[in-house]
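Because the structure is predicted, anything quoted here is derived from the model rather than measured.
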2 protein chains.
Amino acid sequence: MAVTIKDVAKRAQVAPSTVSRVIADHPKITQETKEKVRKVMQELGYHPNLLARKLVTQSSQTIGIIRKTSSKRSLSDPFFPVALQGMSDLLHEKKYSVLMTCGESDEEIYHEVVNMVQGKSVDGMIMLYSQDNDPVLQLLLEQDFPFVMIGRPTDHIDKVMYVDNDNVKAARDITDYLIRAGHEYIAYVGGDPRFEVHKDREQGYKQALKLADIQSELLFRKEISRDSARETVAEILEMNPRPTAIVTTDELMGMSLLSALYERGIRVPDEMAITTFMDSMLSELSSPPMTTVDIHAFQLGFEAAKTLVDLLEKPDMMKRNILVPTSIVVRESCRKNKTNGAMI
Amino acid sequence: MAVTIKDVAKRAQVAPSTVSRVIADHPKITQETKEKVRKVMQELGYHPNLLARKLVTQSSQTIGIIRKTSSKRSLSDPFFPVALQGMSDLLHEKKYSVLMTCGESDEEIYHEVVNMVQGKSVDGMIMLYSQDNDPVLQLLLEQDFPFVMIGRPTDHIDKVMYVDNDNVKAARDITDYLIRAGHEYIAYVGGDPRFEVHKDREQGYKQALKLADIQSELLFRKEISRDSARETVAEILEMNPRPTAIVTTDELMGMSLLSALYERGIRVPDEMAITTFMDSMLSELSSPPMTTVDIHAFQLGFEAAKTLVDLLEKPDMMKRNILVPTSIVVRESCRKNKTNGAMI
DNA sequence: ATAAGAAAGTATATCGTTTTCAAAAGAAAA
DNA sequence: TTTTCTTTTGAAAACGATATACTTTCTTAT
């Protein structure tokens with residue numbers, strides 16, 4: 001059996017409570033006794049049992065991360081590791097630990113969250129997605145449990161703190177960028193609009209078109225996969241008039257489309273421009289390198305963690321939401337403006 | 001304050017111990033009382049406090065994951081998320097939770113591990129790297145703490161269970177593949193040989209050359225970065241005779257080299273063949289798509305977790321190490337054999 | 001010299017479970 | 001009816017810390 005606070009106390013000839021105070025570096029303990037106790041702790045190789053501490057202090061110094069992992073996708077999703085790194089960085093600095101959900105199905109995830117929340121295993125949670133009508137969100141709200149969402153919530157928007165990009169603006173900007181580069185027929189390929197992020201980006205795309213007085217909304221909502229990319233490319237190429245640019249809102253989707261275009265012998269950017277979201281290594285190293293919207297995933301994670309920690313430290317803090325600005329990273333998957341030769 | 005087992009007991013007019021037994025579905029409790037108690041648990045919305053349970057049972061049903069995260073690199077490291085998914089899948093199935101280190105420096109990581117281990121926060125650990133003279137490894141061995149390593153340990157190899165590829169063979173195979181494709185001057189660009197994995201791959205490369213009676217070992221050991229890739233490419237191109245192929249052991253490094261080659265106008269695979277390790281989306285989508293060694297990262301993670309769980313369930317199990325086979329994924333970054341025109 | 005007040009340390013209750021051992025209740029045997 | 005043996009439940013002691021409230025000791029002021 002491991003050495004406990006009592007063993008230390010006995011050996012140092014003080015009470016357990018004194019040892020506890022020494023650990024906490026309580027001011028009411030003499031330097032002298034502190035040193036005596038510390039010496040004994042050293043000798044015995046004592047280390048406090050965190051479980052016991054957590055139980056009595058009713059706080060775990062741990063935060064839970066809820067993520068959706070459709071195994072298929074998450075294996076190559078560039079967003080998660082970067083956001084995780086952002087959260088980790090802050091949480092580590094603030095001395096929090098990180099506990100993660102592993103479940104795949106909605107029910108499994110829900111169960112894990114119940115366990116973490118009700119089982120008192122975590123002090124707060126970060127949700128890495130925002131979804132329509134989500135029982136997990138429901139639960140957290142019901143329990144009045146501290147959490148921060150990455151992404152804008154669909155429901156109860158006035159009750160949840162979130163960190164997000166301005167996805168409407170981001171999509172508007174990148175679409176506008178294409179329009180100003182001379183494109184008129186611009187296809188939009190986005191994901192499942194049950195996720196708020198996709199809804200927003202779709203809207204941004206539409207706004208940009210409207211502002212430029214372009215009528216033709218060319219919307220595609222697709223699963224991410226090699227095959228669906230081929231189909232989509234086929235559909236796009238058959239349109240009349242044929243689009244000259246594609247806006248995608250998902251990096252993997254963008255990459256798949258790019259290779260589907262390549263397979264069809266379509267030159268990018270000459271015959272077809274294409275842009276995507278996220279800006280990971282993937283975009284940087286593709287050929288041609290992709291012009292993307294950098295959503296600053298690291299910062300999203302970092303700010304979410306920061307907000308959560310703030311909330312835990314002052315539970316009555318004013319609700320605040322954070323918008324992380326996006327920026328367009330210009331690479332070579334879009335042509336320069338043909339009409340005036342200027343680089344945009 | 002949350003509802004506890006005592007509240008349930010009182011309301012159901014039984015003793016707390018009975019409630020505890022109902023939770024555990026103990027056979028010695030009548031169906032009748034079970035139902036009565038369960039009903040009350042429902043009514044009160046009771047959920048057991050896992051911290052308390054962990055404290056008394058001395059087991060956390062949680063495993064810790066130790067990873068090295070030089071922020072720079074880990075942001076785009078394709079290995080980690082895939083291996084994590086593999087571990088998650090198994091751990092979730094076995095009802096374990098996942099706690100992760102967040103630290104960057106060796107000292108921070110060491111500290112976190114001490115906390116997890118001595119603080120009794122985890123039942124076992126998985127180390128995601130193997131490094132020379134590692135204090136973390138030292139600690140785990142000293143404490144006789146259950147853990148599994150992904151990668152072959154440098155020291156104490158007879159005392160640690162590990163899951164790994166046969167990296168010597170893998171590197172030998174891919175080098176051999178290039179040799180059989182007609183290459184003779186093959187450069188090797190690998191990582192820091194303080195990490196066992198790089199040592200092994202270096203050795204595999206050398207073995208292949210020796211077996212083919214090729215004298216010229218062209219070794220480069222480089223940090224992974226855009227700039228060092230440019231330098232390395234410059235050095236390689238200046239050699240006389242100039243190598244016609246490059247073996248890299250790191251996907252990011254491989255990608256960087258590929259774009260450095262592109263910048264220099266060197267055509268791949270015609271003027272220079274290149275291969276890499278890991279096989280993520282990056283290799284699939286690069287252009288040309290990369291011929292790589294698939295190390296089956298998912299399986300590495302999965303097997304590591306499986307081994308650890310087995311160990312926890314039967315602490316006296318026979319030590320076993322697992323080698324996950326690698327396979328070569330042929331794509332387009334290597335030329336077909338010129339000498340006989342056959343595809344290899 | 002005595003009272004009051006501060007300083008340093010201790011005793012004890014508590015956190016919410018599980019588990020061991022004993023007790024009660026019911027059934028079977030004498 | 002009494003005794004014995006099961007079967008089911010309960011009381012109390014852990015688990016290893018923290019925190020509250022109290023005691024003792026030492027200053028300082030009166």
Nucleotide of [options] approaching [X] most closely (side-chain heavy atoms):
{"X": "B:Val56", "options": "C:dT18, D:dT18, C:dT10", "answer": "C:dT18"}
{"X": "A:Thr57", "options": "C:dT17, D:dT18, D:dA11", "answer": "D:dT18"}
{"X": "B:Tyr46", "options": "D:dA11, C:dT17, C:dG9", "answer": "C:dT17"}

Q. In terms of heavy-atom contacts, does CG of A:Asp158 have more than 12 from other residues, nucleotides or ligands at under 6.0 Å?
A.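 Yes, the 6.0 Å shell around CG holds more than 12 heavy atoms from other groups.
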Q. Is B:Glu32 atom CD crowded by more than 12 heavy atoms from other residues, nucleotides or ligands, each under 6.0 Å away?
A.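 12 or below, so no.
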I need the [atom1]-[atom2] distance between [X] and [N], as an integer number of Å.
{"X": "B:Lys54", "N": "C:dT17", "atom1": "NZ", "atom2": "C1'", "value": "13 Å"}
{"X": "B:Leu51", "N": "C:dT18", "atom1": "CG", "atom2": "P", "value": "13 Å"}
{"X": "A:Lys120", "N": "C:dG16", "atom1": "NZ", "atom2": "C1'", "value": "10 Å"}
{"X": "A:Lys6", "N": "C:dT12", "atom1": "NZ", "atom2": "P", "value": "13 Å"}
{"X": "A:Leu55", "N": "C:dT17", "atom1": "CG", "atom2": "P", "value": "9 Å"}
{"X": "A:Ile5", "N": "D:dC15", "atom1": "CD1", "atom2": "C1'", "value": "13 Å"}
{"X": "A:Leu50", "N": "D:dA17", "atom1": "CG", "atom2": "P", "value": "9 Å"}
{"X": "B:Asn115", "N": "D:dA17", "atom1": "CG", "atom2": "C1'", "value": "15 Å"}

Q. Between D:dT18 and A:Ser20, is there an OP1 or OP2 to side-chain N/O distance shorter than 4.0 Å?
A.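 The answer is yes; a side-chain N or O of A:Ser20 sits under 4.0 Å from OP1 or OP2.
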Q) Any side-chain N or O of A:Gln58 less than 4.0 Å from the OP1 or OP2 oxygen of C:dT14? A)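 Checking A:Gln58 against C:dT14: no side-chain N or O falls below 4.0 Å of OP1 or OP2.
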(Q) Using side-chain hydrogen bond (donor to acceptor under 3.5 Å, both in side chains), reason through A:Tyr129 and A:Asp134 one step at a time and then give a plain yes or no. (A) CA-CA 10 Å; A:Tyr129 65 92; A:Asp134 183 18; 3.0 Å; yes
Atom pairs under 3.5 Å, N or O on each side, protein against nucleotides 24-27 of chain D: can you list them with distances?
none

Q. Closer to the 5' end of DNA chain D via nearest nucleotide, is it B:Pro16 or A:Asn49?
A.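 Mapping each residue to its closest nucleotide by heavy atoms, the 5'-most match is B:Pro16.
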Q | Verdict with reasoning, B:Arg38 to B:Asp25, per salt bridge (charged side-chain N to carboxylate O under 4.0 Å, His left out) | A | CA-CA 11 Å; B:Arg38 289 206 180 107; B:Asp25 203 16; 3.3 Å; yes
Q.
Using a heavy-atom cut-off of 4.0 Å across all strands, would you classify B:Val14 as base, sugar-phosphate, or nothing?
A.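 It contacts sugar-phosphate atoms only.
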(Q) If I compare all heavy atoms of A:Thr69 with all of A:Cys102, which pair ends up nearest, and what's the gap? (A)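 Heavy atoms only, the tightest pair is OG1-O, 4.3 Å.
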Q: Answer with yes or no whether A:Ser17 presents, from its side chain, a donor or acceptor under 3.5 Å of a partner atom in the base of C:dA11.
A: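 Answer is yes: a donor-acceptor pair is held.
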Q: Check each residue of residues 21-44 of chain B for a non-hydrogen atom within less than 4.0 Å of any atom in DNA chain D, then write out the ones that pass by number, or none.
A: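 Contacts with DNA chain D under 4.0 Å: B:Arg21, B:Lys28, B:Ile29, B:Thr30, B:Thr33.
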